[in-house]
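Protein chains get the first letters and strands the later ones, always in sequence-line order, with residue 1 at the start of each.
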Amino acid sequence: MGMQQQIQEAAINALQQLSGKPFTAKDFQINKTKPEFEGDYTIVLFSLLKPLGKSPDALGNELGKFLLEHNAELFSSYNIIKGFLNLVVSDGYWTSVLSRNYNDVCFGTGAQKHKKVMVEYSSPNTNKPLHLGHLRNNFLGWSIAEIYKANGYAIVKTCIVNDRGIHICKSMIAWQLFANGATPQSTNTKGDHFVGDYYVKFNDEYKRQVEELISNGMDKATAEKEAPIMKATQQMLLDWEAGKPDVMELWKTMNSWVYAGFDETYKRIGSDFDKAYYESNTYLLGKKTVEEGLQKNVFVKKDDNSVWIDLTADGLDEKIVQRKDGTSVYMTQDIGLAQQKYEEYKIDESIYVIGDEQNYHMKVLQLICKKLGLPYADSIYHLSYGMVELPTGKMKSREGTVVDADDLLNEMESVAQQKTEELGKVKDFTAEELKELYKTLSLGALKYYLLRVDPKKKMIFNPEESIDFHGHTGPFIQYTHARIKSILRKEKAQRNEVQETPLLPLEKELLITLESYPTILDQACKEHDPSHIANYVYHLAKTYNSFYTEHSVMNAESEEKKQLRLLICEFTANVIAGAMQLLGISVPERM
RNA sequence: GGUCCCGUAGCUCAGUUGGAUAGAGCAACAGCCUUCUAAGCUGUGGGUCACACGUUCGAAUCGUGUCGGGAUCACCA
């Protein structure tokens with residue numbers, strides 16, 4: 001149980017004993033004491049004054065005295081300023097937290113919940129390589145899965161691969177027209193980039209053809225429909241749906257090129273999946289759902305045979321769920337896939353990591369599932385995240401401003417190399433150790449940069465800022481870990497507990513921060529938000545660095561202090577490593 | 001136009017179940033390495049928390065309105 005919760009329970013008990021009335025956690029607030037006042041935690045008294053009919057000083061003193069008497073192991077003193085009751089937690093309590101947890105690598109993790117949670121993330125299209133936006137998605141999805149695991153949930157990581165449709169046919173057509181049989185092997189190109197190049201070629205040619213038709217007197221809308229390359233693409237989609245052998249063959253071949261490229265990038269960034277769903281297998285799902293919906297009168301069939309749901313009573317629109325030709329739309333496929341996931345894995349919660357441009361879609365999806373009475377409707381959670389933009393504005397593929405994931409990773413790695421060489425601290429590393437370090441640092445910088453921001457908010461990716469390894473960054477935290485390890489290589493703690501000893505302000509502040517880690521972890525899970533962990537671990541590292549500069553471990557004032565600080569060092573290193581691991585970032589022993 | 005989200009220091013972000021004088025980083029300036037890794041630490045300057053009104057003992061946080069920015073409202077996915 002966290003300190004704050006303990007204080008809450010002690011205070012509830014005290015208030016009930018003193019007044020004979022019942023109280024709950026909602027009746028008053030407990031905060032961390034502001035640094036300018038004496039104390040560690042503060043009970044805000046204002047909300048209690050009226051119900052108890054007491055003055056701030058009177059209530060504060062009664063409550064403070066009671067807590068000191070009945071919870072002597074927790075509190076050493078109190079003071080009252082205006083309506084704030086500041087409690088000083090005894091040093092003995094903090095050192096006991098240290099002794100109990102300093103070498104517990106599971107510190108902060110939750111008990112087994114016996115619940116299964118699915119996280120769907122990444123979800124690429126197989127017509128172009130991954131870009132910066134995908135990286136935010138991948139890092140978020142992977143991290144939230146780790147955070148759930150740490151809180152005691154069983155996790156299934158999935159990915160829905162958008163491997164069919166008109167956009168896939170575009171790169172296929174362009175390859176047929178322009179490639180002369182070229183392959184990733186023959187051109188020495190990474191497969192996903194190779195296919196992406198033909199997607200670009202399609203758009204160039206399409207644009208050229210449309211302009212040509214317009215200059216021959218056709219209006220724009222017609223030209224866009226009549227361009228030969230577009231007509232060929234639409235025909236190809238029909239051929240694909242009919243299973244025409246040569247089209248299927250080309251489709252399989254080109255997708256296999258893309259998958260080879262994706263695998264490389266996923267491996268590099270540490271994304272992995274327990275199960276991949278392919279849209280080519282799921283796009284026909286949902287027909288049964290439509291039947292059920294019609295029977296339950298949730299859906300209505302119009303004269304032209306198309307099927308709709310009316311959500312206007314819920315403040316939304318009418319939504320189509322089946323085309324007049326009887327095929328499923330995106331929405332229906334998603335309901336079908338949700339059903340399939342539920343049946344295959346019996347999941348208790350289903351998290352979808354999808355950009356906020358689909359907020360409306362996900363809202364509608366969940367609402368339809370509810371109206372259909374599907375058992376998994378309430379378990380759907382849309383982890384919505386904002387777009388990644390550049391200082392110059394949005395990324396636009398047409399303007400070539402999309403930041404490619406592989407390029408970015410290469411760039412980051414060479415910056416890591418350059419900075420490491422400049423500092424020259426690891427000259428004895430082997431070539432392999434160096435390579436590993438560059439990878440660790442570059443990924444640490446990038447993941448931290450993308451995860452430290454509240455997922456819901458759109459964010460600006462500033463290339464110059466992202467390669468900074470100072471200040472509020474991943475490498476700063478990694479560096480702090482390496483510093484601690486440097487001390488611990490020289491000397492290990494001789495004891496596994498410490499005598500109660502007066503704590504210096506920075507020692508105490510570190511222990512208070514460390515003690516709050518489980519609460520932060522729990523909050524990150526409940527709010528589906530890795531940025532809480534990211535901001536917490538930065539704060540911890542920063543506090544440690546102040547402590548490190550101010551107080552020597554090896555040359556401590558006394559042997560008792562030295563042992564105390566060695567334990568604090570080990571505790572801090574463990575929490576930093578554990579928290580960073582939840583963000584998908586590893587921490588080096590040296591850097 | 002309807003619905004939803006956002007607006008905090010020059011820039012990027014914390015802080016939002018209402019609590020004390022709103023915090024970090026970057027950028028600027030001034031210091032600190034013969035002592036555990038200076039990718040560090042310490043200090044200075046920098047704010048109409050978009051604006052207005054309201055609720056409250058107390059509002060960046062809650063409500064209403066205004067302004068500004070974004071997303072979405074396809075027989076696309």
Side-chain angles (χ1 to χ4, degrees), chain A residues 25-26 29 31 33-34 36-37 42 44-47 49-50 56 81-84 86 123 125 162 164-167 279 283 302 304-308 312 315-325 327 329-331 333-334 355-361 363-364 384 386-387 389 391 394 416 419-420 422-423 425-426 441 445 449 452-454 456-462 464-466 468-480 482-491 531-532 534-535 538-539 541-542 544-556 565 569 590-591:
Chain A
K26 288 193 177 101
Q29 234 178 72
N31 302 326
T33 305
K34 296 246 169 197
E36 55 268 38
F37 302 101
T42 296
V44 184
L45 301 171
F46 297 108
S47 59
L49 301 180
K50 206 179 273 181
I81 299 175
K82 295 182 188 172
F84 299 92
N86 300 318
S123 307
N125 292 324
N162 302 116
R164 52 133 256 139
I166 194 80
H167 52 298
E279 197 202 336
Y283 82 108
K302 292 201 174 174
D304 67 357
N305 230 26
S306 59
V307 181
W308 296 72
T312 48
L316 304 174
D317 305 283
E318 283 194 321
K319 196 84 192 168
I320 190 161
V321 292
Q322 189 176 73
R323 296 188 186 94
K324 64 186 171 194
D325 64 7
T327 54
V329 293
Y330 179 42
M331 184 61 71
Q333 294 167 33
D334 269 359
D356 63 6
E357 77 271 14
Q358 296 204 39
N359 283 354
Y360 180 76
H361 173 79
K363 201 170 166 183
V364 171
S384 169
M387 296 293 103
E389 296 178 9
K394 294 183 186 178
K419 301 209 174 195
T420 303
E422 274 171 22
L423 292 168
K425 293 180 182 178
V426 287
L441 295 178
Y449 190 88
R452 61 171 243 221
V453 181
D454 181 348
K456 289 194 298 292
K457 296 188 178 174
K458 73 170 183 197
M459 64 175 293
I460 312 280
F461 182 87
N462 185 327
E464 284 172 31
E465 210 174 83
S466 70
D468 193 350
F469 287 6
H470 303 268
H472 193 177
T473 66
F476 168 86
I477 299 161
Q478 291 171 317
Y479 171 72
T480 308
R483 265 183 147 182
I484 300 174
K485 285 298 178 153
S486 174
I487 294 177
L488 295 177
R489 269 193 302 277
K490 295 187 172 77
E491 192 141 11
S531 74
H532 290 307
N535 286 306
Y538 169 69
H539 175 69
K542 191 152 176 52
Y544 180 86
N545 278 319
S546 297
F547 159 83
Y548 177 96
T549 313
E550 194 70 26
H551 306 297
S552 175
V553 177
M554 309 292 282
N555 298 312
R565 288 178 193 161
C569 287
R590 292 179 55 196
M591 63 184 275

Step-by-step side chain to side chain donor-acceptor pair (under 3.5 Å) determination, A:His167 to A:Asn162: CA-CA 10 Å; A:His167 52 298; A:Asn162 302 116; over 6 Å; no
A:Lys456 with A:Asp454: basic N within carboxylate O range, under 4.0 Å: yes
Using a 4.0 Å heavy-atom cut-off, does A:Phe469 contact any base of the nucleic acid, only the sugar-phosphate backbone, or nothing at all? base
Are any of A:Ser546's side-chain N or O atoms less than 4.0 Å away from OP1 or OP2 of B:U42? yes
Would you tell me if any nitrogen or oxygen in the side chain of A:Lys542 comes within less than 4.0 Å of OP1 or OP2 on B:C41? yes
Heavy atoms under 4.0 Å, any strand shown: does A:Val453 hit a base, just sugar-phosphate, or nothing? sugar-phosphate
Just say parallel, tilted or perpendicular for the rings of A:His361 and A:Tyr330, cut-offs at 30° and 60°. parallel
Are OP1 or OP2 of B:U37 and a side-chain N or O of A:Ser486 less than 4.0 angstrom apart? yes
Indicate whether A:Phe37 forms a stack on B:A20; treat it as stacked only if centroid distance is below 5.5 angstrom and interplanar angle below 30 degrees. yes
Watson-Crick or G-U counterpart of B:A28, or none if no pair lies under 3.5 Å: B:U44
Nearest-0.5 Å distance that lies between atom CZ in A:Phe46 and atom NZ in A:Lys50: 13.0 Å
Looking for any heavy atom pair under 4.0 Å, which part of the strands does A:His532 touch: base, sugar-phosphate only, or nothing? sugar-phosphate
Does OP1 or OP2 of B:G58 have a side-chain N or O of A:Lys82 closer than 4.0 Å? no
In whole Å, what separates the P atom of B:C62 from that of B:G7? 10 Å
Do any side-chain nitrogens or oxygens of A:Lys34 fall under 4.0 Å of OP1 or OP2 in B:A20? yes
Please tell me if A:Lys319 has a side-chain N or O lying less than 4.0 Å from either OP1 or OP2 of B:C73. no
